[in-house]
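Inspection log for the structure reproduced underneath, given as structure tokens.
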Amino acid sequence: MQLEALVRAAVAEALAAGGKPVPAEVPVERTTRPEHGDLATRVAFLLARELGAPPATIAAELAARLAAHPSFLKVQPANGFVNFTLHPTTVHAVLRQILASGERYGRGEEGEGRTVQVEFVSSNPTGPLTIGHLRQAALGDVVAELYAQLGWRAVREYYLNDEGRQMDLLAQSLWARYRQALGDDQPIPEGGYQGAYLAEIGAELARTWGDAHPRWDEAARAAFRSEAVGRMMAMIHEDLDAIGVRFDVWTKEGDLHRRGLVQETLAQLVRRGAVYEKDGALWLASTRHGLDRDPVLLRSDGTPTYTLVDIAYHLDKARRGFDLVINVQGADHVDEQRQVLLALKLLGLPDGFVRYCLHQFVTLKGEEGIQRMSTRAGRFLRLKDLVADVGRDVARYFMVMRKPGSHLVFDYALARDTSLENPVYYVQYGYTRIASLFREAERAGERPPDLRTVDLSPLTDDRELALIRELDRFPDVVMVAAHEFAPHLLCEYLEGLSGLLHPYYAHVRILGQGPATSARLALLGGIQLVLGRGLGILGVSAPEAM
RNA sequence: GCGCCCGUAGCUCAGGGGACAGAGCGUUGGCCUCCGGAGCCAAAGGCCGCAGGUUCAAAUCCUGCCGGGCGUACCA
């Protein structure tokens, strides 16, 4: 990050000095091949048309002007690019600055104390959380943390849909299980919940309640509904604890109704002429604004739909003073998202207030091939059980190591059985190895008292300079990962950094090398700092020993 | 049918206008007197789904096909 800025400034200055136009954004990128130097600019391509000269000529002139710049060892034109090889002291300065920043390294200021609300999981309390929810839990948690790194105050919120028909279905399913346990062969209702977890609870209720609810009546409905929701919430909390996700706020759908927000939202939409009546129901006129269908807001029986409540909930988010709202949702919600965004726009909320982090579903690759999860059908892998098997670190890491928009196949056997080849351990081992080495240095009396003041000039090996250049990218990776809801970029970065560290370690002796030892320990200290920071953001542990 | 997302190495996936397309796993072959071998080194493996187009430059942007996922409810 720092290095790009340095090159960008040098190029801009050279262009200006040569009487050339300076683009608003001078493009600077890392090279992929060593023969192209460390960084490169393709600015000559941008200027070619305007200057009426071939890129190669412009690049050559620019390179000549920058040849004597003290930050660079070499500045060479090639195919219209200008390639920069950094002077080692330029690179050393980066490491020195990283060590001075310490745990602050990679943090940003853009949030300026503003508040972002991240809503995720928000699973209906109809069963325990599954591997399907895990992706969302891990994603939301990490996105919130990424924003916190950028100086935002992040609020993690769970929206609890504890009202409506699904809850009744759940209650009735539980009641059926309860009856079954008493020898009364009641069927699970049409579209009800088949999972064994309800059978267990049903059997327990049969023991404690006896034959108190022989019929599915109002009393049974109330009793079983309240019991079911309580039990489901307890399971959900257990699952969230297992992966280490903690919510700051739980919002219940019932509260939105009680506060009159739903009616008020509808009234506002009506007042703005966004609603029409048909077949006894109230509809949002979405097709008028380019969407493919109009959703019902208020059913003909007078009850509000999920969509209306969702709109009301978001209006409430705006009132609660959040500066930005991020909703993490599955791909099955795209249509709903458009409806909500449209409604909010019609209600006068600013564009960009709500952003969606949309993710594709997880499929589980196990002994029986690839299977879709279904809570309703009782076919799922419970989160808590998964974590017990593969560990929290692997569970979390596997869920964020892929781009959210891509489908993710979770190879259960691989996560569990071949864990030694796991990218999670590869990254963690980098951290651990350095920790171990520092212990060894301590014993040998070779550990410098303060890494920040060590003379770095012995760091001349290509691998050492490449490692420092890689460390320089960290703040940018954090920023892009946050803005694009792309934690996988951080995983990739950490794996890449580890992929430089391990070979380096294998080939370069650290201890017993005189002044080089101190310099190399300073380098490793910087690497360990970044690995630890990165793992921390992902919610994955950075062990001192494995 | 229509809308959105995705087709990249055997598998799982990065890269989303720039210089010869990357990683992990798997496969094949090497490296343990040496700071933790949970490691390292090397090899094989690709018309980047197909066909057009835009551009000095396309895996990347546009169009059309083909294949997969999701949605298209007075479900949530």
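Below, chains carry the letters A, B, ... as their sequence lines are ordered, and counting in each starts from 1.
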Just checking [X]: base, sugar-phosphate only, or nothing, at a heavy-atom cut-off of under 4.0 Å?
X: A:Glu336; answer: base
X: A:Ala441; answer: nothing
X: A:Leu298; answer: nothing

For A:Lys278 and for A:Asn83, find the nucleotide of RNA chain B with the closest heavy atom, then tell me which residue's nucleotide is more 5'. A:Asn83
Mapping A:Asn124 and A:Pro503 to their closest nucleotides on RNA chain B, which lands nearer the 5' end? A:Pro503
According to the salt bridge (Lys or Arg N to Asp or Glu O under 4.0 Å) rule, which pairs have a member within residues 281-298 of chain A, sequence neighbours left out? A:Arg293-A:Asp335
Return the nearest nucleotide to the side chain of [X]; candidates are [options].
X: A:Phe81; options: B:C74, B:G18, B:G15; result: B:G18
X: A:Tyr429; options: B:G39, B:C74, B:C75; result: B:G39
X: A:Ser300; options: B:C74, B:C70, B:G15; result: B:C74
X: A:Ser436; options: B:A19, B:G36, B:G18; result: B:G36
X: A:Ala281; options: B:C74, B:C40, B:G3; result: B:C74
X: A:Arg49; options: B:G15, B:C74, B:C56; result: B:C56
X: A:His507; options: B:C56, B:G37, B:C40; result: B:C40
X: A:Ala331; options: B:C35, B:C70, B:G39; result: B:C70
X: A:Arg402; options: B:G37, B:A19, B:C13; result: B:C13
X: A:Asp279; options: B:A19, B:A38, B:C74; result: B:C74

Could you walk me through whether A:Arg463 and A:Asp461 pass the salt bridge (charged side-chain N to carboxylate O under 4.0 Å, His left out) check? CA-CA 5 Å; A:Arg463 281 180 289 233; A:Asp461 187 297; 3.6 Å; yes
For [X] and [N], is the shortest distance between a side-chain N/O and OP1 or OP2 below 4.0 Å?
X: A:Arg433; N: B:G37; value: yes
X: A:Arg439; N: B:G36; value: no
X: A:Arg33; N: B:G22; value: yes
X: A:His502; N: B:G36; value: no

Using the P atom as the reference point in each nucleotide, state the distance between B:G46 and B:A58 in Å, no decimals. 22 Å
Pairs counted only when both distances fall under 3.5 Å, Watson-Crick or G-U: show me the 5' to 3' dot-bracket for RNA chain B, [ ] for pseudoknotted crossings and | for other-strand partners. (((((((..((((....[...)))).(((((.......))))).....(((((..]....))))))))))))....
Numerically ordered, the residues 509-525 of chain A set in heavy-atom contact under 4.0 Å with RNA chain B is A:Arg509, A:Ile510, A:Leu511
Mutual orientation of the aromatic rings belonging to A:Tyr306 and A:His333 [parallel < 30°, tilted 30-60°, perpendicular > 60°]: perpendicular
Distance check needed: [N] [atom2] versus [X] [atom1], whole Å only.
X: A:Leu291; N: B:G71; atom1: CG; atom2: P; answer: 18 Å
X: A:Tyr493; N: B:C13; atom1: OH; atom2: C1'; answer: 21 Å
X: A:Tyr397; N: B:A23; atom1: OH; atom2: C1'; answer: 11 Å
X: A:Glu163; N: B:C75; atom1: CD; atom2: P; answer: 16 Å
X: A:Leu497; N: B:A23; atom1: CG; atom2: P; answer: 16 Å
X: A:Tyr504; N: B:C40; atom1: OH; atom2: C1'; answer: 15 Å
X: A:Asn79; N: B:C20; atom1: CG; atom2: C1'; answer: 11 Å
X: A:Glu442; N: B:C35; atom1: CD; atom2: P; answer: 19 Å

Is the backbone of A:Val362 close enough, under 3.5 Å, to the side chain of A:His407 for a donor and an acceptor to pair up by distance? no
Is there a donor N/O on one and an acceptor N/O on the other, under 3.5 Å, for the side chain of A:Asp335 and the base of B:A73? no
Any donor-acceptor pair under 3.5 Å joining the side chain of A:Glu35 to the base of B:C20? yes
Of A:Val334, A:Val325, A:Val328, A:Asn327, the residue whose pairing with A:Tyr356 passes side-chain contact (heavy atoms from CB on, under 4.5 Å): A:Asn327
Can you list the residues that meet the salt bridge (Lys or Arg N to Asp or Glu O under 4.0 Å) rule with [X], with sequence neighbours excluded?
X: A:Glu29; result: A:Arg42
X: A:Asp279; result: none
X: A:Arg231; result: A:Glu204, A:Glu227
X: A:Asp462; result: none

Produce the list of close N/O pairs, under 3.5 Å, pairing protein atoms with atoms of nucleotides 5-11 of chain B; give distances to one decimal.
residue	atom	partner	partner atom	Å
B:C5	O2'	A:Gln360	NE2	3.2
B:C5	O2'	A:Gly405	O	3.2

Taking only distance into account, with no hydrogens and no angle test, what donor-acceptor pairs under 3.5 Å do side-chain atoms of residues 20-28 of chain A form with protein atoms, sequence neighbours excluded?
residue	atom	partner	partner atom	Å
A:Lys20	NZ	A:Glu61	OE1	3.4
A:Lys20	NZ	A:Glu61	OE2	2.9

Proximity of A:Tyr429 and A:His502 rings by center, below 6.0 Å: yes
4.5 Å side-chain heavy-atom contact, A:Leu170 and A:Leu174: no
Decide yes or no for A:Met232 and A:Tyr197: does some side-chain heavy atom of the first lie under 4.5 Å from some side-chain heavy atom of the second? yes
Output every pair passing side chain to side chain donor-acceptor pair (under 3.5 Å) with a member in residues 47-58 of chain A, not counting sequence neighbours, ordered by first then second residue. none
Distances for protein N or O near nucleotides 42-44 of chain B N or O, under 3.5 Å:
none

B:C20, syn or anti by chi within 90 degrees of zero: syn
So, is B:C70 syn or anti if syn means the angle is within 90° of 0? anti
As a test of understanding, state which of A:Arg469, A:Arg30, A:Arg473 forms a salt bridge (Lys or Arg N to Asp or Glu O under 4.0 Å) with A:Glu4. A:Arg30
With A:Ser541 as partner, the option from A:Gln428, A:Arg396, A:Arg392 fulfilling side chain to side chain donor-acceptor pair (under 3.5 Å) is A:Gln428
My understanding is that only residues two or more places apart in sequence, or in another chain, count here; which of them pass ring-ring contact (aromatic ring centres under 6.0 Å, His included) with A:Phe120? A:Phe247
